[in-house]
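To start, the structure under review is shown below, and the notes come after it.
What's counted below: heavy atoms across the whole structure, side chains too, no hydrogens, waters or symmetry copies. Just so you know, ligand 1 is whichever comes first in the structure, and atom 1 is the first atom listed for that ligand.
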Amino acid sequence: VIGGNAYYMGNGGRCSVGFTVQGGFVTAGHCGTTGTSTSSPSGTFAGSSFPGNDYAFVRTGSGDTLRPWVNMYNGSARVVSGSSVAPVGSSICRSGSTTGWHCGQVQAFNQTVRYAEGTVTGLTRTNVCAEPGDSGGSFISGNQAQGMTSGGSGNCTFGGTTYFQPVNEVLSAYNLRLI
Ligand code: TYR
């Protein structure tokens with residue numbers, strides 16, 4: 001299990017792994033409510049918060065090896081070695097199972113975004129593109145984990161704006177540690 005890879009919900013929906021943590025991985029809360037089962041890797045949403053926040057922790061079984069990496073979708077992976085917050089203006093890249101690896105800049109912190117399901121606060125805005133299925137995937141700056149893809153506008157053909165849920169909030173909410 002590595003960041004940016006696909007996983008599936010029981011209803012056939014697909015999201016992306018954010019970051020591996022001890023016992024499983026973190027992802028977006030809008031991907032599943034607490035108790036939702038996943039396959040490939042198989043797991044269960046042990047905690048999920050959305051709207052308000054957009055984070056979740058999926059507990060995985062012993063059959064899947066958790067590695068401290070993010071898929072760069074070019075045959076290699078970026079090692080994750082912490083979660084220090086990158087300032088506005090930093091370059092940042094995103095990994096997700098629909099569009100792979102895309103990069104841009106951190107634009108603003110503490111953004112409020114209104115989705116059809118409700119409002120999410122505390123998101124970070126970027127000019128990195130994303131598309132459906134990239135949700136939950138990894139935002140990383142250098143080797144520091146930043147957050148999980150929430151939503152936005154545009155696409156990876158013409159470009160877009162994507163918001164991410166900062167990862168440190170889910171680590172402290174559920175007392176998790178990056179692998
Ligand atoms: N919210 C989408 C998902 O659930 C991901 C997404 C992100 C879609 C940015 C569009 C967009 O512009 O997969």
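Of all the atoms in ligand 1, the ones that sit under 4.0 Å from a non-hydrogen atom of G151 are 1 (N), 7 (C), 9 (C).
Nearest approach of S138 to G18, heavy atoms of both residues: OG-O, 2.7 Å. Closest non-hydrogen pair, R67 versus I179, comes out as C-CG2, 4.4 Å.
Residue H30 touches ligand 1 through its side chain alone, judged by heavy-atom distances below 4.0 Å. Only the backbone of S150 comes within contact range of ligand 1, with a heavy atom under 4.0 Å; no side-chain atom does. Here S153 has backbone heavy atoms under 4.0 Å from ligand 1, and that is the only part of it that gets that close.
What sits closest to atom 11 (C) of ligand 1 on the protein, heavy atoms only, is A130 O, 3.4 Å. Of the protein's non-hydrogen atoms, the one nearest atom 2 (C) of ligand 1 is S135 OG, 2.8 Å.
Here the shortest heavy-atom distance to atom 8 (C) of ligand 1, taken over C31, C15, P132, C156, belongs to P132.
Note on F19: it clusters hydrophobically with W101, by side-chain heavy-atom contacts below 4.5 Å among ILVMFWY residues. Both V167 and V70 are members of a single hydrophobic cluster when ILVMFWY side chains are connected at heavy-atom separations under 4.5 Å.
The shortest heavy-atom distance from G154 to ligand 1 is under 4.0 Å.
Counting only N and O atoms by type, the side chains of R14 and S97 include a donor and acceptor under 3.5 Å apart. At a cut-off of 3.5 Å, with distance as the only test, a side-chain donor of N127 or Q105 sits close to an acceptor on the other residue.
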